[in-house]
Structure formats: structure tokens, C-alpha cells
Amino acid sequence: MSRQIAADWPGPAAEGPLPLAVLASPNGPNFLAMLLACRQLGLGAILADSATRHNERHRIASALGAGWVLEAEDGWLPGPAWRTTDSARPAPAGADFVKLTSGSTGEPRGVLTSEEQLLTDEVQLASTMELVPGDVFLATVPLSHSYGLASVALPPLLRDGSLLLPDASDPLGALRALRDGSATVAPTVPAVLSGLVQRRGELSPSLRRVISAGAPLPPPTARAFLERFGQPVHVFYGASECGGITYDRTGQSGLDGTLGTRVDGVELTLEGDPDAARVVVRSPAVATGYHPDESQDLSSGRFLTADLGALDGDELRLVGRVDDIINVKGKKVHPTTVESILREAPEVADVVVVAHEDGPETSLRAVVESSGPETFDRAALLRYCREHLAEHKVPRSLLVVRRLPRNERGKIDRQALVQLARREDS
């Protein structure tokens, strides 16, 4: 069963520096109540993943100087619990909301976001995505993550809409809600779309917009969804540090493997080596900075991402990340470019390309998701690779699995992937 709720954004909080509180709850009224309570009490809300454990939440509080941990183990019942910490420190400026990302050391790292920046992002996205009053937003992604906060939680609070929350106890709750619920807008992830294509039934007739973000949308999935339901998937690309970056207004980008054009109010440029240009975002929605460590990559309304991109006209295409480049026989390889070719091969549902230490040399390993790994034709895939890729880009090793490991946001779980590859080598 899915349940529908609505709420309103409160008035201004008290002025002055905000004490910080870690907020953790699964999707549901508890998360919204905690978010609005922090706003009304004048507390800066550190948005923790609901999957974190109690000790991890206190580690986040200690690292970022929060004086409280506000947590609910269930999105609906029982109610939230307040816990004090001994790590309270004065909050930095612009800390109305603190999104979490990973620092270079793996320690908790906050993205300081003011209310003005957060609401500006919502306004820019609502304009770009053509959201309207009364829209019903299906919550298939965590509301505590940047994507869920801006695209699912905030619009109903600000625009006389409502949230449709799938039954968390039902593993197929999101799929059932897409088919049977009253949602009009469904921001989701590729894994959910892939699951929907493979199951019987039609989309709810109320659904007018399906949005995909959080992980790359394989063009075969986009094509299969369009053929199956007659409705396109609109690709969305953003980051915790700046909110929305690009959006596919037509529904064509997912078919082409691109990410759409810039969101309203966003200035998008590329900086650096033409073969490895980093995506740069300037916008009133760009966050204030990182906490506790600072970086020039995020300051003064400018965010220098770690993503490498290219422009096809006005369309953005990602070609990799700064830290993902693999050196093969003295030549730089962006795994994303290899993955995009492999996704077009028969029997390949999705794929991740990683570095493989092959004796003294580094080569490429392709971890392929296939619905029939036992009957997968490896030789055919290697022939396909040699026909479509330069020799140094052809994977020397193939690992075929039924499902690639993913986290709850639909992104590839890199740690689990590494462990999977190690088991293959042992």
C-alpha cells in the first residue's frame, strides 16, 4: 500500500548562527516533521542517510560539531528521538542545511547550504521540469539525499502538492506505486525503471513525467521504457554541491546517452584539457562551501566538479571522472566512454569498467550485468569490442553477473564491486 501526505513550508527561522543537529529517518512523515521542526527551531539540519547506524550518526555529529542527533528508525512509527552529544560547536555561516558527501579521507564532509540556496534550486528545477500546483510526487528515492530533497520533498511543501510514499515493507512497493498510484511526477533511478520494464502491467494513467537521476541511464533501458509504455524518461544530472545542473526537456537525451541542457538559472562551462575537461557550475543555488574542511572547488557561487564532460551542441555528455581515469599502456582511458559502447552490445543490460592489475601492466576489466550470465556469449562480446573500440580500450577480462551491486540511490556500490572482482581473482 502507498500513502499520500501533504505539508507546508514554515516561515523564517530565528536569525543568527544555527546550532547543528543530525537528522536521520527513512522516508515518511517523520522525515518531513523533523525537517520542518529543525527549520522552526532554528537548527541547521545535517541530512544523514537513514541506513547509517546509531554510532555512525554520532560520528557525523562529532566530525561536524552537531549538538543533537534526531533520529527515527521508522518513517511512520514510532516517533523521533532526540539525543544530545558532547560535540556541539558554533555552526559556520550558511549551514541551514548540511548535505553529506565523502571527503578525500573518507571522513564525513558537509556541504553547507543556506535556505536561500536550497529554495533557489527548487525554483530553478520547478521551472525547468514544468512542475505545477497539485502535482503528486512519488518518493522512490531517499528524501535525505540531495536528489530526493530537491525533486521530491520540497516541491510538495512549496507548491500545494503532495507526496506518495510506497510501502517500505514491500520490496516491489515503488513498482506497484508507479503502476497503481496517483503520482503525476516520478523522480526515480535507472534500476527502478529497468525493473518496471521487466514486469507486467502499465503505468498509472495519472503519471505525466518520469525522471531519472542518481546513476547513468543506459540508453537500452531508456529505449525499452519508451517502447514498453510510450512515455519518455527525462534524464536529470545534479550534485549535492550545487543542486540541478542539466535536464532533458524532450525525453530524447536518455536515448542518446547525453544529459540534457542546463537547468534554468545555471551557467555551465568546461575547464581544462579538451580531452578531459571538468564540468564547472555557476548558479545562485551553488552551496556556500564544505565543512569542516574548505576547498576552492566550492566557493563564491562556483562549483568545480570531478566530472569530465563534453558538449554536443547544448547537450552535456559525461566522459568520466578525474579520479577514474585508467592508464593503459601509457594511454588515458575514461571508463565511461568504454561503458557507453558496451551498453549497446547484445545481452548487456549494464556494465562497469574498472582497472585490472594484470601482472606488471594495467588493463581493463568489464563487469557486465546480464539476465542470463550462464549462457552469456563472452567471445561475441569481445568481437563486438574489437569492432567498436581502439585496441587499448578493449577489456582484457570479463566478469558476467546477474546484477551489478547498487546502493539505495541506484548508484553502483564501488566497494561491493571491488570485493566482487577480488573474489573472481582468488
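If you're wondering where the values come from, they're calculated on a predicted model, not measured in any experiment. Sequence positions, counted from 1, serve as the residue numbers for this chain.
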Find the distance between [atom1] ([X]) and [atom2] ([Y]) and round it off to the nearest 0.5 Å.
X: L143; Y: L149; atom1: CG; atom2: CG; result: 8.0 Å
X: R209; Y: T184; atom1: CZ; atom2: OG1; result: 10.0 Å
X: I341; Y: Y384; atom1: CD1; atom2: OH; result: 6.0 Å
X: T305; Y: Y237; atom1: OG1; atom2: OH; result: 4.5 Å
X: W68; Y: L41; atom1: CH2; atom2: CG; result: 9.0 Å
X: L304; Y: S299; atom1: CG; atom2: OG; result: 9.5 Å

Got a donor-acceptor contact below 3.5 angstrom from the [X] side chain to the [Y] backbone?
X: D293; Y: R109; value: no
X: S151; Y: G148; value: no
X: T140; Y: P187; value: yes
X: S204; Y: G181; value: yes
X: T188; Y: V141; value: no
X: E369; Y: L404; value: yes
X: T128; Y: Q124; value: yes
X: E347; Y: F376; value: no
X: H291; Y: L64; value: yes

Measure the shortest side-chain to side-chain distance between [X] and [Y] over non-hydrogen atoms and say whether it is less than 4.5 angstrom.
X: D256; Y: E315; answer: no
X: T336; Y: R321; answer: no
X: W82; Y: V69; answer: no
X: L342; Y: P395; answer: yes
X: L259; Y: F236; answer: no
X: V152; Y: L163; answer: yes
X: L308; Y: V279; answer: no
X: I326; Y: L364; answer: yes

On a heavy-atom basis, which atom in [X] and which in [Y] lie closest, and how many Å separate them?
X: P218; Y: P190; result: CD-CB, 4.2 Å
X: G28; Y: L165; result: CA-CD1, 3.8 Å
X: E122; Y: L158; result: OE1-CD1, 3.6 Å
X: A66; Y: I46; result: CB-CD1, 3.9 Å
X: A287; Y: T113; result: CB-OG1, 3.9 Å
X: A61; Y: T85; result: CB-CG2, 4.1 Å

Can you tell whether the side chains of [X] and [Y] come within less than 4.0 Å, N to carboxylate O?
X: E374; Y: R402; value: yes
X: E241; Y: R302; value: no
X: R53; Y: E56; value: no
X: R159; Y: D135; value: no
X: E202; Y: R228; value: yes
X: E271; Y: R282; value: yes
X: R343; Y: D350; value: yes

Taking atom types as modelled and ignoring hydrogens, do the side chains of [X] and [Y] form a donor-acceptor contact shorter than 3.5 angstrom?
X: S62; Y: S87; result: no
X: D248; Y: T250; result: yes
X: T52; Y: R57; result: yes
X: T288; Y: Q117; result: yes

For this session: For side-chain contact (heavy atoms from CB on, under 4.5 Å), just list the numbers for L398 and R365, CA-CA rounded to whole Å, side-chain angles, deciding distance to a tenth of an Å, and then say yes or no.
Result: CA-CA 6 Å; L398 294 178; R365 164 172 284 175; over 6 Å; no
[X], [atom1] atom: more than 12 neighbouring heavy atoms under 6.0 Å:
X: E116; atom1: CD; value: no
X: E294; atom1: CD; value: no
X: R199; atom1: CZ; value: no
X: D314; atom1: CG; value: no

Problem set entry | Full working for side-chain contact (heavy atoms from CB on, under 4.5 Å) between D264 and Y247 | CA-CA 9 Å; D264 292 349; Y247 176 72; over 6 Å; no
For this session: Apply the test side-chain contact (heavy atoms from CB on, under 4.5 Å) to residues V368 and L381: give CA-CA distance (whole Å), side-chain angles for both, the deciding distance (0.1 Å), then the verdict.
Result: CA-CA 10 Å; V368 177; L381 180 59; 4.0 Å; yes
For this session: For T120, check side-chain hydrogen bond (donor to acceptor under 3.5 Å, both in side chains) against everything at least two apart and list the hits.
Result: none
Problem set entry | Qualifying residues under side-chain hydrogen bond (donor to acceptor under 3.5 Å, both in side chains), relative to E130, sequence neighbours excluded | none
For this session: Give the C-alpha distance, both sets of side-chain angles, the deciding distance and a yes or no for side-chain contact (heavy atoms from CB on, under 4.5 Å) between I325 and H334.
Result: CA-CA 5 Å; I325 294 176; H334 304 303; 3.4 Å; yes
